Amino acid sequence: MNQPAERVCIREGDPIAEAIVASLDQYFHDLDGEPPCAVYDMVLARMEKPLLSLVLERVGGNQTRAAEMLGINRNTLRKKLQTYDML
């Protein structure tokens with residue numbers, strides 16, 4: 001018999017982690033017993049596009065500065081922007 005996974009501890013006062021946990025709790029609740037599928041990819045996609053959009057907005061659309069802020073290569077940023085039809 002499978003035991004429920006132990007909840008990952010999040011630092012108190014970490015609003016991003018708290019929002020993610022709350023959203024995932026709601027997602028699993030809404031499944032109403034149905035098995036989840038591809039949760040990792042779903043969460044990344046739901047998080048990554050708004051992150052890219054917000055960072056690009058903060059740097060006035062400058063992809064080089066956005067890549068630096070994100071800590072990724074500019075080519076990686078461009079690939080991600082293409083993935084989300086943001087170019």
Side-chain angles (χ1 to χ4, degrees):
M1 188 155 108
N2 287 342
Q3 296 282 333
E6 196 172 309
R7 179 165 305 248
V8 174
C9 290
I10 58 172
R11 252 185 334 189
E12 196 164 317
D14 183 346
I16 295 172
E18 290 172 359
I20 292 167
V21 168
S23 293
L24 285 171
D25 276 343
Q26 186 63 52
Y27 170 76
F28 289 126
H29 177 267
D30 291 346
L31 286 176
D32 196 29
E34 291 294 317
C37 181
V39 174
Y40 183 80
D41 288 338
M42 176 198 68
V43 171
L44 282 182
R46 300 271 183 334
M47 175 277 312
E48 197 168 43
K49 185 175 180 178
L51 172 65
L52 297 173
S53 179
L54 181 65
V55 168
L56 279 168
E57 183 180 311
R58 298 281 293 197
V59 297
N62 184 309
Q63 292 178 13
T64 300
R65 288 181 50 212
E68 289 171 0
M69 184 182 286
L70 291 164
I72 62 176
N73 183 286
R74 185 174 173 278
N75 290 332
T76 301
L77 173 61
R78 290 191 54 79
K79 183 177 177 181
K80 291 177 180 296
L81 294 176
Q82 287 174 334
T83 298
Y84 297 112
D85 294 322
M86 296 174 66
L87 282 179

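Note that the coordinates shown come from a computational prediction; the quantities given were computed from them, not determined experimentally.
- Judged as a salt bridge (Lys or Arg N to Asp or Glu O under 4.0 Å), not a single pair has a partner in residues 49-60 (not counting sequence neighbours).
- Sorted by first and then second residue, the salt bridge (Lys or Arg N to Asp or Glu O under 4.0 Å) pairs involving residues 74-83 (not counting sequence neighbours) are Glu48-Lys80.
- At a threshold of 4.5 Å between side-chain heavy atoms, the hydrophobic network of Ile, Leu, Val, Met, Phe, Trp and Tyr places Leu31 and Val43 in one connected group.
- Between Pro50 and Ala45, the closest heavy-atom pair is CD-O, 4.4 Å.
- Between the CG atom of Asp25 and the CG atom of Asp30 there is a distance of 10.5 Å, given to the nearest 0.5 Å.
- In plain terms, the two heavy atoms of Arg65 and Asn62 that are nearest each other are N-OD1, 2.9 Å.
- Summarising the hydrophobic clusters (Ile, Leu, Val, Met, Phe, Trp, Tyr; side-chain heavy atoms under 4.5 Å, direct or chained), the residues clustered with Leu51 are Tyr40, Leu44, Met47, Leu52, Val55, Leu56, Val59, Met69, Leu70, Ile72, Leu77, Leu81, Tyr84, Met86, Leu87.
- Within 6.0 Å of CD1 on Ile16 lie no more than 12 heavy atoms contributed by other residues, nucleotides or ligands.
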